Amino acid sequence: MQRVIITGATGAVGIALIREMISQKVEVLVLIHQSSRRIANIPKDSLVSMQYCGLDELARLQNDTGKIYDVFYHFAWEGTTGEARNDMYLQNRNVRYALDAVGAAKRFGCTLFIGAGSQAEYGHAEGILTAETPVYPTIGYGIGKLAAGIMTRQYAHQSGIKHIWVRILSVYGPYDWNGSITMTTISKFHAGEIPQFTRGEQLWDFLYSGDAARAFRLLGTSGIDGKTYVLGNGAARPLATYIRDLRDAVAPGLPLRLGALPYPPGQMMHLEADISQLIEDTGWMPETSYIDGIRKILEGMK
């Protein structure tokens with residue numbers, strides 16, 4: 001693997017993947033919307049170049065770089081938070097954009113397309129999630145991701161391109177969005193607030209973004225065509241233990257109000273990735289403990 005293309009590269013996984021590719025001397029072309037407010041997050045390196053291209057421009061994007069690329073990583077997706085997650089027309093457009101990304105991959109000479117899916121594809125499924133776990137998405141975001149995974153696989157194979165789909169569980173790390181549970185809690189602890197939580201008995205699976213990026217890189221070299229992989233740490237533990245780790249790293253001694261809030265209706269109590277196929281096919285293993293990942297976030301914030 002000598003050259004890759006990445007869309008949606010300004011989030012936690014995208015930035016980490018760019019850094020991972022730099023460490024492996026892989027050239028990266030970042031496709032990014034010209035008005036992106038996070039464009040300054042893109043690492044500055046001779047191996048990294050940018051081309052302005054919004055999701056609605058992918059269908060018209062031509063390869064004028066004079067280079068052939070190997071892998072196309074598609075992370076870009078509109079409407080990932082709030083009410084937009086259930087905007088059916090918006091989520092439907094995302095499916096079309098994902099298909100447009102496959103077409104762009106073809107024009108840039110890519111032989112592999114890797115798309116970022118979501119645990120939302122499973123709906124209310126609980127427990128250890130595998131590629132074979134039945135999928136019954138309940139919101140537009142999950143429906144769109146599921147449709148995109150199926151349709152891009154078909155279109156990629158019709159175009160002579162290999163295809164891999166990755167259903168991501170809870171990833172955290174530097175450049176995570178401010179509304180995530182990790183970043184929100186860090187901000188409150190920094191401010192000396194005592195946030196309220198449920199009892200935190202939910203078994204959750206958090207994966208550090210650097211480990212996620214390494215998994216995506218290895219899938220680009222060793223992943224199996226046509227497979228869906230579930231990406232997480234693979235070892236869930238109670239949410240309360242993560243909250244205590246956060247508190248100890250950010251504001252030691254601050255009291256915690258665990259149990260101050262009731263569980264919301266439909267609260268899922270166990271989400272955990274079965275990473276056995278990922279390990280078997282690529283040799284990948286998560287390396288970063290949750291507390292070490294939090295320390296890396298705090299170092300970056302300084």
Side-chain angles (χ1 to χ4, degrees), residues 1-9 13-14 17 26-33 51 53-79 88-118 120-122 130-137 140-168 215-231 277-278 281-282:
M1 185 164 58
Q2 295 180 314
R3 298 186 185 95
V4 302
I5 300 173
I6 305 175
T7 71
V13 179
L17 182 57
V26 176
E27 189 175 334
V28 180
L29 173 62
V30 175
L31 301 181
I32 188 168
H33 196 284
Q51 185 164 341
C53 178
L55 282 170
D56 59 348
E57 299 171 303
L58 279 170
R60 303 186 299 275
L61 181 65
Q62 299 297 322
N63 183 5
D64 57 6
T65 66
K67 300 175 181 179
I68 298 298
Y69 289 78
D70 302 302
V71 183
F72 194 109
Y73 290 95
H74 185 54
F75 294 105
W77 195 272
E78 293 182 347
M88 299 302 175
Y89 281 93
L90 173 58
Q91 299 303 332
N92 189 52
R93 288 199 299 273
N94 279 314
V95 178
R96 188 189 74 199
Y97 295 149
L99 291 169
D100 291 342
V102 174
K106 176 72 171 179
R107 293 191 293 276
F108 277 78
C110 297
T111 57
L112 173 61
F113 179 91
I114 299 181
S118 168
E121 295 175 53
Y122 292 107
T130 73
E132 290 73 38
T133 300
V135 284
Y136 298 105
Y141 174 71
I143 296 168
K145 284 288 189 179
L146 178 60
I150 296 170
M151 295 183 75
T152 55
R153 179 182 296 113
Q154 294 295 326
Y155 187 31
H157 287 168
Q158 290 170 4
S159 303
I161 301 174
K162 296 177 182 179
H163 181 281
I164 290 171
W165 192 252
V166 185
R167 291 182 183 145
I168 305 172
F216 273 100
R217 177 181 63 81
L218 290 170
L219 285 171
T221 57
S222 305
I224 305 300
D225 176 34
K227 269 195 173 184
T228 295
Y229 294 90
V230 186
L231 180 59
Q277 287 297 303
L278 184 55
D281 293 345
T282 70

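These numbers come from the heavy atoms of this one structure, side chains and all, not from hydrogens, waters or symmetry mates. This structure is a prediction, so every number in the text was calculated from the model and none was measured.
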Residues in side chain to side chain donor-acceptor pair (under 3.5 Å) contact with N92, at least two apart in sequence or another chain: none

Nearest heavy-atom neighbours spanning R217 and Y73: CA-OH, 3.6 Å

Residues in side chain to side chain donor-acceptor pair (under 3.5 Å) contact with T133, at least two apart in sequence or another chain: T130

K106: partners by salt bridge (Lys or Arg N to Asp or Glu O under 4.0 Å), with sequence neighbours left out: none

With N63 via side chain to side chain donor-acceptor pair (under 3.5 Å) - residues at least two apart: T65

Qualifying residues under salt bridge (Lys or Arg N to Asp or Glu O under 4.0 Å), relative to R153, sequence neighbours excluded: none

Partners passing side chain to side chain donor-acceptor pair (under 3.5 Å) against S159 (at least two apart in sequence or in another chain): none

Gap separating the OH atom of Y141 from the CD atom of E78, nearest 0.5 angstrom: 12.5 Å

Residues forming a ring pair (Phe, Tyr, Trp, His ring centres under 6.0 Å) with F216, sequence neighbours excluded: F75

Flag, side chain of R107 to backbone of L61, donor-acceptor distance under 3.5 Å: yes

side-chain contact (heavy atoms from CB on, under 4.5 Å) partners of T282, counting only residues at least two apart: L218, L219, S222, L278, W284

Partners passing side-chain contact (heavy atoms from CB on, under 4.5 Å) against A101 (at least two apart in sequence or in another chain): L58, F72, H74, F113

Nearest atoms (heavy-atom pairs only) where I5 meets C110: CD1-SG, 4.1 Å

Heavy atoms of other groups near Q51 CD, more than 12 under 6.0 Å: yes

Closest contact, heavy atoms only, V95 versus A147: CG2-CB, 4.1 Å

Spacing of CD belonging to E121 relative to CD1 belonging to I150, to within rounding of 0.5 Å: 8.0 Å

Whether over 12 other heavy atoms sit under 6.0 Å from M1 CE: yes

N/O donor-acceptor pair under 3.5 Å between T228 side chain and A131 backbone: no

Minimum-distance pair of heavy atoms, taken over all atoms of P137 and A120: CB-O, 3.6 Å

Listed once per pair and sorted, the salt bridge (Lys or Arg N to Asp or Glu O under 4.0 Å) pairs that draw on residues 63-77, sequence neighbours left out: E27-K67

Salt bridge (Lys or Arg N to Asp or Glu O under 4.0 Å) partners for D281, two or more places apart: K227

Approximate separation, where rounding is to 0.5 Å, of I68 CD1 and Q2 CD: 11.5 Å

Ring pair (Phe, Tyr, Trp, His ring centres under 6.0 Å) partners for Y155, two or more places apart: none

Nearest-0.5 Å distance that lies between atom CZ in R167 and atom CG in L231: 12.5 Å

Flag, side chain of Q91 to backbone of M88, donor-acceptor distance under 3.5 Å: no

Closest heavy-atom pair and its distance - H163, T152: NE2-OG1, 2.8 Å

